[in-house]
Number of protein chains: 2
Amino acid sequence: MSSEQAHVVTIREVAAAAGVSIGTASKALNGRGKLREETRARVTAAAERLGFRPNPLAQGLLQGRTYTVGLVTGDSFGRFSIPVMLGAEDALGAGQISVFMCDTRDDPIREQHYVERLLARRVEGIIVTGRRTEPRPSIGAGLPVPVVYAMTQSASDDDFSVIPDDRGGGALAARHLLATGRARIGHVTGPERFEAARRRAEGLTDALAEAGTGPAGEPLFGEWTEEWGRQGADILLRAHPDVEAVFCGSDQIARGVSETLRERGRRIPDDVAVVGFDNWEPMVEGCRPPLTTVDMNLGEIGRIAAEHLLEAIGGAPRARGVLTVPCSLVLRESTRVS
Amino acid sequence: MSSEQAHVVTIREVAAAAGVSIGTASKALNGRGKLREETRARVTAAAERLGFRPNPLAQGLLQGRTYTVGLVTGDSFGRFSIPVMLGAEDALGAGQISVFMCDTRDDPIREQHYVERLLARRVEGIIVTGRRTEPRPSIGAGLPVPVVYAMTQSASDDDFSVIPDDRGGGALAARHLLATGRARIGHVTGPERFEAARRRAEGLTDALAEAGTGPAGEPLFGEWTEEWGRQGADILLRAHPDVEAVFCGSDQIARGVSETLRERGRRIPDDVAVVGFDNWEPMVEGCRPPLTTVDMNLGEIGRIAAEHLLEAIGGAPRARGVLTVPCSLVLRESTRVS
DNA sequence: GAAAATAAGGAATAGGTTTTCCTTCGCTGA
DNA sequence: TCAGCGAAGGAAAACCTATTCCTTATTTTC
């Protein structure tokens, strides 16, 4: 890198260096207009030599575009929103679009503030993401740019949200456990007020019903914590000492469940199989044994959300409603067939 | 929000609506110039009514400023870089500066690419952050904008890096354990090739030496994993069955250590105290008992880095070298005095 | 009552780039 | 010989805002 390049070069200087007018320089660099090949080469050489970079502000001003989008999260860019974000960045980066990052810390005032700021900056679209897929208030109706919700859901039907298929994820776990020969399957999960928890439980129950069976007792709704996983496992073992598998609403819960199972003398996976949800690496790998779990494909969710946003920016009619993305199962020790 | 506002309003329209010239409108909105109060009010009212927002591209073009900075990370915005980022965002947001997010996935090609893009976008500064504080190649010498490394360290002495005081963190843990009456203190930590691991070990050893004692055996260098924590604890217990405390290089290691201690019949904190490093909530709280740990104050690191960047942007002479930020101790059950 | 000062606001310029429209020049064809 | 054409590239407008410099009208001061 040339350290003497403190001064920012403009196309004017390039034009002067090449001995042409500004307009001609622009045409040469952008492959427009009718120019002699020699001229074109002379201009590009000058631009190269001077380290010219077109000023995107001037370009944007002229074209009325900024090639930027805003990414708003309340998750403090946590475990869920980050993979989403990375997926989105992939899709956007390919389109030469840069991303403004805004963390609202789940504060509606801050959120409003950030949205204002993004609009002032003339972003061409906004992606909203969150900590859980629960419905949340719309970020604002009738905004001048398209908005896509990813890994969170707008309460308004007019908005477009991309979320994981929790029900399908539950079913996936159920069918896997059945396929490994477990019949009596318990379920320890998060608070019932969470749609995600309810849908995962439904997926489990429905898949079992399809196979002509049912879960071992009602789903145990509690907290999204390891501590609850430990308690839940105790409750489950007392009510159903013959349980053969436990499907858990999160990897953290699964970790608590695994610990209690072990402490109560159950071997995993020989006596009891365990399936988690989230595929959160540090949890899943710290588990003993390593945990089979459902992956929500967060990156995919982000990518799809970004692609929809790009299409909307491109003028496609805005999508509405909810799009669910299939989950996938990641196999590890905790459900191995011995 | 008015949904009929698809068209973006310019100051020209505001001026027309208020019956004044463009220049006057600008002055009215920015509180410059000599204007009658009534005129000023008329203009602001018109701007309000039309939903006028000054175009930042035009402003930037004119002022030669963009009020943006780039944030480059190789951590995939993981556990370490996120808090740093949030701290930075705090400091920058206050200055009305927006942040472009770039994840390099630790790929130098991508990194170079992103830096180019950021410079093309005329960011006023760049923050580089990472997964660990290890020295890394400079992002480029003689860039036209100031660069600050946060939670990572440039290999070049000409750059400026802000990192946690690992040595101090180790000393903090040591003194706390001594204060709770533990004398024989073991250390299980990450790979020796990591500067962070070596410094934490040094901090421990030095603080113990100051108190006229020494650690229980050499530091056990291994991996940054729970699995290593379990193994390390076994090794430690075999060599020093009378160990009274274990200082761990990370919370994950501490978690593994705690498990093994329990399984070997040691009660925490009654028989053996445990201190972790990172204060990573899900790990620390899933631990049994909850873990006393060293917090690197990542948010503070980000904030300080951002403040230095702002100063450099403001024209202050660029700082060089390394600035360390003190760690703090977070007390929980695992070192309680019974 | 005239000169000077002040208040209020308009006109014009700058900032960097792209694009549209012109100009110039050499050449072709009738 | 001259109208017409294509090639090559220049001039200027446009994008939007902030600021500097003017102009005009009103008020103050002697």
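Below, all heavy atoms of this structure are taken into account, side chains as well, without hydrogens, waters or symmetry copies. Just so it is clear: chains get the letters A, B, ... in the order the sequence lines come, proteins before strands, and each one is counted from 1.
For B:Q63 and D:dT17, the shortest distance from a side-chain N or O to OP1 or OP2 is not below 4.0 Å. Phosphate contact (OP1/OP2 of D:dA7, side-chain N/O of A:R36, threshold under 4.0 Å): absent. The phosphate of C:dG10 (OP1 or OP2) has a side-chain N or O of B:T24 nearer than 4.0 angstrom. Applying the 4.0 Å criterion to OP1 and OP2 of C:dG9, one finds that B:T39 has a side-chain N or O inside that range. For the OP1/OP2 pair of C:dT17 and a distance below 4.0 Å, the side-chain nitrogens and oxygens of A:N55 include no atom meeting the criterion.
Remark: aromatic rings of B:F160 and B:Y149 are distant, center separation not under 6.0 Å.
Nucleic acid contact for A:R53: sugar-phosphate only, since backbone atoms but no base atoms lie under 4.0 Å from a heavy atom of the residue. Among the heavy atoms of the strands lying under 4.0 Å from B:T10 are primed sugar atoms or P, OP1, OP2 only; no base atom is included.
Counting to the nearest Å, the C1' atom of C:dG15 and the CG atom of A:L57 are 10 Å from each other. Rounded to an integer number of Å, the gap from CD1 of A:I22 to P of D:dG10 is 11 Å. Between A:E13 atom CD and C:dG16 atom P the separation is 8 Å, expressed in whole Å. The distance between atom CG of B:L62 and atom C1' of C:dG15, rounded to the nearest whole Å, is 6 Å.
When each of A:S21 and B:I11 is assigned the nucleotide of DNA chain D bearing its nearest heavy atom, the one mapping closer to the 5' terminus is A:S21.
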